[in-house]
Structure formats: structure tokens, C-alpha cells
Asker: 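Input: one structure, supplied below.
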Amino acid sequence: MSSSPYAKELLVAQLAVQRAALLTKRVFHEKTKGTVSKDDASPVTIGDFGAQALIISALRANFPSDEIVAEEESSTLRTNPTLRDQIWALVRVTALSDPSAEALLGGAIPSADAMLDFIAEGNSAGGSRGRIWAIDPIDGTKGFLRGGQYAVCLALMVDGDVKVGVLGCPNLPIDDAAPLTADIGANQTDDEGRGVIFSAVIDQGATSRPLGAGALSDQSKPISMKPLASTEDLAAASVCESVEAAHSDQSSAGQIARKLGITRPSVRMDSQAKYGSIARGAGDIYLRLRTSKTYQEKIWDHAAGDLIVREAGGQVTDTTGSRLDFSVGRTLANNQGVIAAPKAVHGQVIRAVQEVLGL
Ligand SMILES: Nc1ncnc2c1ncn2[C@@H]1O[C@H](COP(=O)(O)OS(=O)(=O)O)[C@@H](OP(=O)(O)O)[C@H]1O
Ligand SMILES: [Mg+2]
Ligand SMILES: [Mg+2]
Ligand SMILES: [Mg+2]
């Protein structure tokens, strides 16, 4: 293992994300996904719970005193033994199918109750001090359910700054040069040629590698954003947006794109797959414009992607031009929306955003 900063954190994070993605891929191919509706009416599946359990168990084996902010909580499972047992079966079979990373990932989870305890350990309040991991076990659960894009997301923050970010995207092409097709957000599979892990460590650049099982593939490659520099480059840019109209104001995004001279329709895909796609230059700009004055973006929906895009040569801010602030708790309470673009054109994009939004 190399001794560069955060080498062990990166390795554990990649192996944990890879194993969690093996679990989500299993569920992706099952008809029944054990979907439950949460208090905010959003869906959660046995895939989300199982992936969170595997990631937290790997983190606990390696970094026992770190804090963890994770999306899902265990309370519904404690009163729903059927669902708990479905997840437990899934977690066990996934760990068995991924033997070679066992030493680093800490061995099997001993019991269904221990699994629930791991899931519950993602309840840190977050904040500006110390080492805090942010986990989104399935980002884009709706995309996962409809067969579009989704991502298994893990990031380490130290004193409020993201230092390590890993995104596992089972349904994106392995090939960094594959163009973003209009249907990338729907009718997707994880067949041959698909499944990628994007990673970044602060000041060490961003990479992609194929998602597999067991030991990590040795095919890690540096990735970088497309170097857009001019207004002409911008006009040819491809904009990534959410699928759900409730998550991002699509009509303002359309006006912003037109102001920038962009003629191509936006590519819509769920999850932080958008950050990974622009970081490797398959897309160019990520626009996320708030639809509600009360919704606060969650740190687990952005931490890994923010670092991966910045390390690939991009700039990530909110609509006011401020960096995303991961130091204020479980949400990005100080930020509104997300604008990610290559550094050289980010200022131009922000000006268009502010004109359209009247900021
Ligand atoms: N109202 C509102 N506004 C903005 N964002 C919201 C909102 N509600 C939910 N979410 C979060 O969106 C996450 C899904 O990511 P995307 O919005 O990029 O994907 S998509 O809208 O499903 O296409 C989704 O993450 P997952 O729950 O992990 O799927 C949510 O955390
Ligand atoms: Mg999410
Ligand atoms: Mg999620
Ligand atoms: Mg969710």
C-alpha cells in the first residue's frame, strides 16, 4: 500500500463501495425490491439498507472512532422482521460472493441484530470537527427502481472538508470516452461493459476504474473534465440534470442553457452519476436549481461528487457562487442548488444562472 495521504481510507472506501454495489446489483435484478415509503414519501429498498450495513461494517472494522452520517435509519426494520430477514439474507450472500477483500473489510457481520446496529450507526449529526464519513447507500433510489442510473456514495470529511470521495455507478459505461446518450437515465442495465468506480483524494486528482468483485481491478485511470474555455466550447456543452422535476427546476435550467448558447437538450439522469459523468468529460455541466425554499440538500447527495469534480478540474458551487459547505451538519444548510462546470467557464455559467434566477 502506498503511503500517500488517505491511502488506506481510499482503499477501504473503494472496497466497501464495490461490495455494497454487488449487493445493489443483486437487488436491481430482482423483481421484488422490498420497497418501503419513508416519512417524506420517498422510497427505500432492501438494497439501500443492505448497502448501508456493508459500508458501515467495513468502516467500523478500520476506523472505529470515526463518525458516520448515513441516509437510512434502522427503526422501521426493528418492527418489521420480514424485511429485516430479507436484508440479512442479502447481506450474507453478498459477503460470501466477495471473499478476497475479507481481511480489510473486517469479516462477516455476526447477526441480523448486529446488522441493524451497524445501520443505526449512521446517525451522527455531522459538523465541522473531526473525521466524518457521509454515506448514501443508493443515491437515486427512484432511478434504481425504474432501471435508470444510481450510485453508491461514500466520502470522508475532515474538519468539514471533503478529503476522499468514492462513487460506484453500476449502470454507467466503464469507458470514460463513451458519449452520454439521451437514454442514459432510463432502461439501463449493468451488463458487460458497465459499472465504474469514480474516486478522488484531495490534491491527488480523480480516477475511474471498472467495478468488479474482490480485489480492485488494476485498471485505474486518471479522469478530467473537458477543458471548455470559450463561448464556442460552451455552446456545444452537454448539461446534466436530475430526472425528477421536483428535485431541480428544469424550466430555469432550460433558460440558462439557452443564455449560454447551448442547443443540445439536457441529459437527465438520477444520482451522483451526474458528477461522475462530467468529471470524466462525458458531460460538461451539472445544474441543480432548487424547487423549494425549505428543502435543504443532504451532504451524502453531494460530498463525493463535489471532490471528484474539483479534482478533475472542475468548480462546484451553489447558485450564489459559494463553495458547498459540508461543515454545518447533515444538510447543506448554507447552500442553494448546485452548479458544477469546468473551472474556465464556471464564472460565465454562474452569471447566466444569476440572471435567470434574478439573484
Ligand atoms: N425536493 C428535493 N429537492 C432536491 N433533492 C431532493 C428532493 N427530495 C429528495 N431529493 C434528493 O435527490 C436525490 C436524488 O438525486 P437526484 O435529484 O440527482 O436524482 S433524480 O432527481 O432522482 O433524478 C435523492 O437521493 P436518494 O434519496 O438517495 O435517492 C434525495 O436525497
Ligand atoms: Mg441521495
Ligand atoms: Mg439514497
Ligand atoms: Mg432516499
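Just so it is clear, the model here is predicted, and its values are computed rather than measured. Atoms within a ligand are numbered from 1 in the order they appear, just like the ligands themselves. Starting from 1, each residue takes its place in the sequence as its number.
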Asker: Can you pull out the closest protein heavy atom to atom 27 (O) of ligand 1? Residue, atom name and distance to 0.1 Å, please.
Answerer: Glu71 OE2, 3.0 Å
Asker: Which protein non-hydrogen atom lies closest to atom 30 (C) of ligand 1, naming both residue and atom, and how far is it?
Answerer: Asp301 OD2, 3.6 Å
Asker: Could you list the atoms of ligand 1 found under 4.0 angstrom from a heavy atom of Gly140?
Answerer: 26 (P), 28 (O), 29 (O)
Asker: With a heavy-atom distance limit of 4.0 Å, tell me whether Val243 approaches ligand 1 through its side chain, its backbone, both, or neither.
Answerer: both
Asker: Just to be sure I read this right, does ligand 1 sit under 4.0 Å from the backbone of Arg268, its side chain, both, or neither, counting only heavy atoms?
Answerer: neither
Asker: Report the atom name of the nearest N/O/S atom of Glu71 relative to the Mg ion (ligand 4).
Answerer: OE2
Asker: Could you check which of Tyr275, Tyr295, Trp300, Tyr150 puts a non-hydrogen atom nearest to atom 4 (C) of ligand 1?
Answerer: Tyr295
Asker: With a 4.0 Å cut-off on heavy atoms, is Ser271 touching ligand 1?
Answerer: yes
Asker: Distance check, rounded to the nearest 0.5 Å: Leu10 atom CG versus Leu156 atom CG?
Answerer: 10.5 Å
Asker: Shared ILVMFWY cluster between Val338 and Val345, side chains joined below 4.5 angstrom?
Answerer: no
Asker: Show me which atoms of ligand 1 lie under 4.0 Å from any heavy atom of Ser242.
Answerer: 16 (P), 17 (O), 18 (O), 19 (O), 20 (S), 21 (O), 23 (O)
Asker: Have a look at Arg288, Gln296, Met269 and point out the one with the heavy atom closest to atom 16 (P) of ligand 1.
Answerer: Arg288
Asker: Do Glu311 side-chain atoms and Ile202 backbone N/O form a donor-acceptor pair below 3.5 Å?
Answerer: no
Asker: Check each heavy atom of Asp136 against ligand 1 and say whether those closer than 4.0 Å belong to the side chain, the backbone, both or neither.
Answerer: side chain
Asker: Do Lys142 side-chain atoms and Pro43 backbone N/O form a donor-acceptor pair below 3.5 Å?
Answerer: no
Asker: Mark yes or no for whether Asp249, through its side chain, and Thr291, through its backbone, hold a donor-acceptor pair below 3.5 Å.
Answerer: no
Asker: I'd like to check which ligand 1 atoms, numbered from 1 as shown, lie under 4.0 Å from a non-hydrogen atom of Lys274.
Answerer: 16 (P), 18 (O), 19 (O)
Asker: Note the single closest protein heavy atom to atom 17 (O) of ligand 1, along with its residue, its atom name and the distance in Å.
Answerer: His247 ND1, 2.7 Å
Asker: Backbone or side chain, does Ile138 get an N/O/S atom under 2.8 Å to the Mg ion (ligand 3)?
Answerer: yes
Asker: Around atom CG of Asp40, are there more than 12 heavy atoms of other residues, nucleotides or ligands at under 6.0 Å?
Answerer: yes
Asker: Under 4.0 Å from any heavy atom of Glu244, which atoms of ligand 1 are there?
Answerer: 20 (S), 21 (O), 22 (O), 23 (O)
Asker: Taking non-hydrogen atoms only, is Ser42 closer than 4.0 angstrom to ligand 1 via side chain, backbone, both or neither?
Answerer: neither
Asker: State, yes or no, whether a side-chain contact exists between Leu172 and Ile184 at a heavy-atom distance under 4.5 Å.
Answerer: yes
Asker: Tell me the contacting part of Glu297 for ligand 1: side chain, backbone, both, or neither, using a 4.0 Å heavy-atom threshold, strictly below.
Answerer: side chain
Asker: Does Glu71 come within less than 4.0 Å of Lys298, counting only side-chain N to carboxylate O?
Answerer: no
Asker: Inspect the contact between Asp117 and Arg78 and indicate whether a charged nitrogen and a carboxylate oxygen are less than 4.0 angstrom apart.
Answerer: yes
Asker: Between CG of Asp113 and CH2 of Trp88, what distance do you get to the nearest 0.5 Å?
Answerer: 9.5 Å
Asker: Report the part of Lys142 (side chain from C-beta onward, or backbone N, CA, C, O) that has a heavy atom under 4.0 Å from ligand 1; answer both or neither where that applies.
Answerer: neither
Asker: Applying a heavy-atom cut-off of 4.0 Å, say which part of Ile138 lies close to ligand 1: side chain, backbone, both or neither.
Answerer: backbone
Asker: Can you check side chain to side chain donor-acceptor pair (under 3.5 Å) on Ser75 and Glu73, steps first, answer last?
Answerer: CA-CA 6 Å; Ser75 53; Glu73 49 160 42; 2.9 Å; yes
Asker: Do you know which N/O/S atom name in Asp136 is closest to the Mg ion (ligand 3)?
Answerer: OD1
Asker: Go through Ile285 and Ile278 one step at a time and tell me if the side-chain contact (heavy atoms from CB on, under 4.5 Å) criterion holds.
Answerer: CA-CA 6 Å; Ile285 296 170; Ile278 67 168; 5.8 Å; no
Asker: Taking 4.0 angstrom as the limit and counting only heavy atoms of Ala246, give me the atoms of ligand 1 inside it, by number and element.
Answerer: 1 (N), 2 (C), 3 (N)
Asker: Provide, to 0.1 Å, the distance between atom 13 (C) of ligand 1 and the closest protein heavy atom, together with that atom's residue and name.
Answerer: Asp139 OD1, 3.8 Å
Asker: For atom 22 (O) of ligand 1, which candidate among Val44, Leu145, Asp270, Thr294 provides the closest heavy atom?
Answerer: Asp270
Asker: I'd like to know if Lys259 and Glu355 make a salt bridge, using a cut-off of under 4.0 Å between side-chain N and carboxylate O.
Answerer: yes
Asker: Please say whether Lys298 places an N or O atom under 3.5 Å from an N or O atom belonging to ligand 1.
Answerer: no
Asker: Please report the shortest heavy-atom distance between Phe198 and Arg280, naming the atom on each side.
Answerer: CZ-NE, 3.6 Å
